[in-house]
There are 2 protein chains.
Amino acid sequence: MGRPRQFDPDTAVTDAMEAFWDLGYEGASAAVLEEHMGIGRSSLYATFGSKDELYAAAMDRYLEDLRKRVITGLRADGPALDVLQSFFHRVTRRGEPGGEPLRCCMIVRSCATGTTASPAIARLVERAIAELDDAFHDLLLRARHEGTLRARGSLRGLARLLTTTFQGLNIAANAGRSRRELQSITRATLDLLEA
Amino acid sequence: MGRPRQFDPDTAVTDAMEAFWDLGYEGASAAVLEEHMGIGRSSLYATFGSKDELYAAAMDRYLEDLRKRVITGLRADGPALDVLQSFFHRVTRRGEPGGEPLRCCMIVRSCATGTTASPAIARLVERAIAELDDAFHDLLLRARHEGTLRARGSLRGLARLLTTTFQGLNIAANAGRSRRELQSITRATLDLLEA
DNA sequence: CAGTTTTTGGAACGAGCGGTACAAAAAGCC
DNA sequence: GGCTTTTTGTACCGCTCGTTCCAAAAACTG
């Protein structure tokens with residue numbers, strides 16, 4: 001009963017995510033969020049409570065999308081290491097004209113700025129990282145079954161290394177590395193993995 | 001002539017660096033910087049011009065220190081891969097009681113938050129990264145001469161991968177990974193590199 | 001249509017931000 | 001020891017921050 005909302009909270013969260021992703025937690029001020037979400041301040045606070053809670057919701061959305069993107073990317077058909085190569089290759093192409101924009105992964109940014117000091121965010125991030133580990137681990141298992149993987153030592157450790165490389169690549173791209181350098185990094189990664 | 005400064009600008013920059021390192025660019029407010037540097041606001045602005053310029057000076061100091069730490073770390077005596085192992089191992093021990101505190105590398109934080117949008121900072125960071133690449137490259141050359149390295153493909157690419165892993169490890173540590181996980185990552189790295 | 005309930009826009013809040021103005025204090029100069 | 005030059009402490013500037021308040025508007029309920 002009463003007046004119904006004039007906007008869709010779900011798309012509002014998506015819009016907020018875009019703002020936080022582009023501008024970071026501090027950069028996305030209340031005024032900026034109003035603008036991006038297309039709603040007034042009252043609606044914002046009435047619906048989401050506080051900036052922190054909105055950020056948590058936006059982060060949750062981001063991680064959900066990331067999960068989908070990564071999992072579908074790594075479950076693609078074909079030889080496992082080819083799949084991995086094209087997955088990393090896609091990352092190195094961010095920022096090219098007409099492609100995905102180059103912006104820092106929200107996980108990386110959150111860890112770097114210590115937003116993870118908040119227990120709620122820390123929990124979300126830790127879970128997402130564990131799932132990244134799992135996705136890489138599945139792919140490594142595939143590669144091992146194919147016999148294309150030089151696997152010595154723990155596959156789980158290797159999977160964690162790939163997660164680390166994935167996030168490191170993100171930093172590298174945002175550090176102004178050229179496409180050539182970025183691709184030399186993914187090339188080196190695959191050279192090491194091949195049997 | 002005139003009244004001499006009551007403080008040493010050099011140590012003041014170091015103090016500022018500590019503040020920026022701990023709290024980030026935005027977190028280190030003028031009041032905080034006053035406190036950490038032990039000087040008043042007038043002195044701060046008269047000496048350093050603006051917060052941006054002070055940040056640039058602090059970053060420069062940070063990178064100089066980092067350079068020294070990394071280069072002396074990677075030039076240590078002994079088998080090259082052992083040196084690399086203990087270098088990474090040291091990173092994974094940050095945050096242990098009584099040791100180095102766990103705080104995000106200023107390069108990583110700067111890239112993640114886009115402080116590198118400022119050309120002055122970007123230049124500093126790019127140069128520092130190139131020097132990290134070189135330091136790893138030197139170590140890889142050593143390993144190759146020893147015959148302990150499984151080197152296929154470009155050594156420069158491999159060196160860049162190590163820089164990337166170094167920064168990725170930093171993210172991983174700040175993401176709340178356990179010491180066990182962190183060490184499994186360095187273990188995996190060395191397993192891949194060994195001939 | 002009257003009454004209740006909820007949302008909405010906009011003004012306003014106190015606090016903190018980076019930066020400046022200014023006068024008092026301190027040291028060098030002759 | 002006066003005079004100049006520089007630094008220092010403090011108060012203050014305009015602005016933006018996240019958040020709250022409140023009255024008007026809108027839609028559901030009987």
Side-chain angles (χ1 to χ4, degrees), chain A residues 1-13 15-59 106 109-110 113-121, chain B residues 1-59 106 109-110 113-115 117-121:
Chain A
M1 61 176 77
R3 179 178 177 179
R5 264 200 212 91
Q6 304 274 98
F7 64 96
D8 174 23
D10 206 62
T11 71
V13 168
D15 294 338
M17 177 197 78
E18 292 288 335
F20 282 123
W21 194 359
D22 280 337
L23 306 167
Y25 178 83
E26 322 223 45
S29 68
V32 164
L33 289 167
E34 274 184 313
E35 175 96 12
H36 274 72
M37 302 168 76
I39 66 176
R41 204 161 291 211
S42 302
S43 307
L44 201 163
Y45 277 90
T47 308
F48 300 105
S50 70
K51 188 183 176 183
D52 290 298
E53 293 172 82
L54 177 57
Y55 180 75
M59 176 64 93
M106 281 187 73
R109 189 168 192 149
S110 164
T113 54
T115 316
T116 47
S118 141
I121 301 296
Chain B
M1 57 177 74
R3 178 178 179 182
R5 264 200 212 91
Q6 304 275 100
F7 64 96
D8 175 21
D10 207 61
T11 69
V13 168
T14 305
D15 294 338
M17 178 197 79
E18 291 286 337
F20 283 123
W21 195 0
D22 278 339
L23 306 167
Y25 179 83
E26 323 224 42
S29 68
V32 164
L33 288 167
E34 277 185 312
E35 174 96 11
H36 274 73
M37 303 168 76
I39 67 177
R41 199 164 295 209
S42 302
S43 309
L44 200 163
Y45 277 90
T47 308
F48 300 105
S50 69
K51 188 183 175 181
D52 290 297
E53 294 173 83
L54 177 58
Y55 180 75
M59 177 64 93
M106 280 188 74
R109 190 169 192 150
S110 165
T113 55
T115 316
S118 141
I121 301 296

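Chain letters run A, B, ... following the sequence lines, proteins first and then strands; every chain starts at 1. Model, not experiment: these values are computed from the prediction. Worth knowing before you read on, the calculation uses all heavy atoms, side chains too, and leaves out hydrogens, waters and symmetry mates.
- In this entry the distance linking CG of B/Leu54 with P of C/dG19 reads 10 Å, nearest Å.
- Heavy-atom minimum distance, B/Leu23 versus B/Val32: CD1-CG1, 3.5 Å.
- Listed here is the closest heavy atom pair of A/Asp15 and A/Met37: CB-CA, 3.9 Å.
- A donor-acceptor contact shorter than 3.5 Å is absent between the side chain of A/Lys51 and the backbone of A/Ser29.
- Classification of the B/Tyr55-B/Tyr25 ring pair by plane angle, with boundaries at 30° and 60°, yields perpendicular.
- Within 3.5 Å, a donor on the side chain of B/Arg3 pairs with an acceptor on the base of D/dT7, or the reverse.
- Contact check of residues 33-43 of chain B against DNA chain D (heavy atom, cut-off under 4.0 Å) returns B/Gly40, B/Ser42, B/Ser43.
- Taking a 4.0 Å limit (strictly below) on heavy-atom distances, residues 6-29 of chain B reaches DNA chain D at B/Gln6, B/Phe7.
- Separating the CG atom of A/Leu44 from the P atom of D/dT20 is a distance of 12 Å, rounded to the nearest angstrom.
- Contact annotation for A/Thr47: no contact, since no heavy-atom pair falls under 4.0 Å across all strands.
- B/Ser118 places none of its side-chain heavy atoms less than 4.5 Å from the side chain of B/Asp52.
- Note: CD (A/Glu53) to P (D/dG18) measures 15 Å, nearest angstrom.
- For CD of B/Glu26, the number of neighbouring non-hydrogen atoms (other residues, nucleotides, ligands) closer than 6.0 Å is greater than 12.
- At the heavy-atom level, A/Ala30 lies under 4.0 Å from base atoms of the strands shown.
- Considering all non-hydrogen atoms of both residues, A/Glu53 and A/Phe48 come closest at CB-O, 3.2 Å.
- Distances from the side chain of A/Arg5 to the nucleotides D/dT20, C/dT7, C/dA27 place C/dT7 closest.
- Nearest nucleotide to the B/Lys51 side chain, out of D/dA27, C/dG19, D/dT7: C/dG19.
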Using side chain to side chain contact (heavy atoms under 4.5 Å, CB included), reason through A/Phe20 and A/Met59 one step at a time and then give a plain yes or no. CA-CA 9 Å; A/Phe20 282 123; A/Met59 176 64 93; over 6 Å; no
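- To the nearest 0.5 angstrom, B/Leu54 atom CG is 12.0 Å from B/Met17 atom CE.
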